[in-house]
Amino acid sequence: MTRFDCNEHMTSFLRELPKCEHHVHLEGTLEPDLLFKLAKRNKITLPDSFPKSVEDCITRYNNFADLQDFLDHYYIGMSVLITEDDFYDLAMAYFEKAHSDGCLHSEVFFDPQGHLERGIDMDAVVHGFNRACKYATERFGTTNKLIMCLLRHLPSEDGLKTIELASKHYEKGTIHGLGLDSSEKPFPPELFAECYKTLKEKFPDVGLTAHAGEEGDYTYINGALNSLNTTRIDHGVNAQQNEALMKHLSENQIMLSLCPLSNVKLQVVKDVAELPIDLYFEQNIPFSLNSDDPAYFGGYILDNYIAVHTRFGFGLEQWRQISLNGINGSWCTEQRKNELKKLVDDVCDKYRPLL
Ligand code: HPA
Ligand code: ZN
């Protein structure tokens with residue numbers, strides 16, 4: 001398999017290139033050392049089957065059989081998150097790392113149902129995350145949005161109750177978007193149409209997205225677009241199974257939030273090179289590159305950019321386009337988009353003579 005070099009200049013360019021992240025689960029940024037620290041702080045006994053050390057975690061994380069195998073572990077991992085400060089610490093560690101990777105705007109997922117069912121208060125989760133969002137902006141100048149996800153393995157009635165509980169946070173704009181995650185099959189997006197409709201009617205400015213086409217086939221992507229009215233798709237790698245859908249994504253500029261390293265770790269593809277990224281370029285389908293659950297999948301946003309570079313060997317202009325597509329697909333203000341685009345041009349001008 002061809003491998004392209006990612007030399008020092010290219011690595012610096014990819015780091016400095018202003019990046020937007022649209023697909024990262026805050027609970028999936030729980031690094032093993034913080035996980036064990038919080039377990040101790042909160043006196044949580046992890047099950048016997050759970051890895052006992054940071055090294056054991058790394059071994060386990062290199063051997064996920066599929067999405068469900070990962071999720072079984074992920075829900076146990078998040079059981080160490082109890083207090084508002086835990087949620088703050090978790091999100092702050094992510095924002096710090098994202099900033100050092102040159103990520104200037106993050107739209108981050110969280111899974112309240114994974115906490116509510118353990119007796120944690122919605123407000124502890126949202127206040128902790130929101131405090132970190134605000135502090136990240138103050139400290140790093142980076143912008144961010146919270147996206148609440150519904151767990152699709154739970155009934156839609158549970159989703160409706162969760163939306164009700166989160167209403168005051170949507171009202172204030174503390175939570176900006178709605179997503180859908182967890183075990184994709186056999187839970188098609190159509191099951192959650194009422195949840196999406198209810199929220200959108202109450203808060204017309206809310207951003208809508210859903211995981212689709214990671215393990216589910218292309219019909220899951222059509223389901224998200226047609227029944228949930230999402231304006232983006234998380235993963236979406238199976239879109240290429242259907243030509244009409246690819247045409248629709250291109251014509252309507254629907255962005256796919258791709259997660260290359262995640263797809264390898266969860267055995268969606270054997271190698272990043274298998275992702276149909278050339279096809280997206282050819283057909284003018286916008287995509288962004290994201291880390292998904294970086295503590296579990298071996299890399300943050302920059303690692304994902306580098307992994308794609310070593311397989312596809314893009315030039316500066318293609319990277320510029322990827323960065324601009326990510327900005328255009330973001331849910332930030334036009335003013336922020338223009339600021340970010342200007343920064344992209346500055347970085348490209350700086351590196352053009354070097355690459
Ligand atoms: N897919 C679906 N649900 C998830 C994921 C994922 O990659 N990560 C956390 N929840
Ligand atoms: Zn995801």
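All ligand and atom numbering here is 1-based and tracks the order in the structure.
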Please confirm whether the ring centroid of F281 lies under 6.0 Å from the ring centroid of F287. yes
Taking L104 as the starting point, is it possible to reach I301 by hopping between hydrophobic residues whose side chains are less than 4.5 Å apart? yes
Using a 4.0 Å cut-off on heavy atoms, what residues surround ligand 1? Order them by chain and number. H25, L67, F70, L71, Y74, D181, S182, H211, E214, H235, D292, D293
With a 4.0 Å cut-off, would you call K161 and E157 a salt bridge? no
Between E31 and K97, does a salt bridge (charged side-chain N to carboxylate O under 4.0 Å, His left out) hold up when you go through it step by step? CA-CA 12 Å; E31 291 287 346; K97 175 67 181 144; over 6 Å; no
Distance col, row E214:CD vs N238:CG, nearest 0.5 angstrom, shows 9.5 Å
Applying the salt bridge (Lys or Arg N to Asp or Glu O under 4.0 Å) test to R320, which of D346, D345, D349 qualifies? D345
For residues 80-94, tabulate all N or O donor-acceptor pairs below 3.5 Å that involve a side-chain atom, not counting sequence neighbours.
residue : atom : partner : partner atom : Å
T83     : OG1  : D85     : N            : 3.4
T83     : OG1  : D86     : N            : 3.2
T83     : OG1  : D86     : OD1          : 3.1
T83     : OG1  : D86     : OD2          : 3.4
E84     : OE2  : R131    : NE           : 3.1
E84     : OE2  : R131    : NH2          : 3.4
D85     : OD1  : R131    : NH2          : 2.7
D86     : OD1  : R41     : NE           : 3.4
D86     : OD1  : R41     : NH2          : 2.7
D86     : OD2  : N42     : ND2          : 2.8
D86     : OD2  : I82     : N            : 2.8
D86     : OD2  : T83     : N            : 2.9
D89     : OD2  : R41     : NH1          : 3.3
D89     : OD2  : R41     : NH2          : 2.8
Y94     : OH   : E21     : OE1          : 2.6
Y94     : OH   : S106    : OG           : 3.0

Give me the other members of the hydrophobic cluster that I147 sits in, counting Ile, Leu, Val, Met, Phe, Trp and Tyr linked by side-chain heavy atoms under 4.5 Å, directly or via other members. F109, W331
Mind listing the protein N/O/S atoms less than 2.8 Å away from the Zn ion (ligand 2)? Waters don't count. H23 NE2, H25 NE2, H211 NE2, D292 OD1
If two hydrophobic side chains count as joined below 4.5 Å and joins carry through other members, does L245 share a cluster with V268? yes
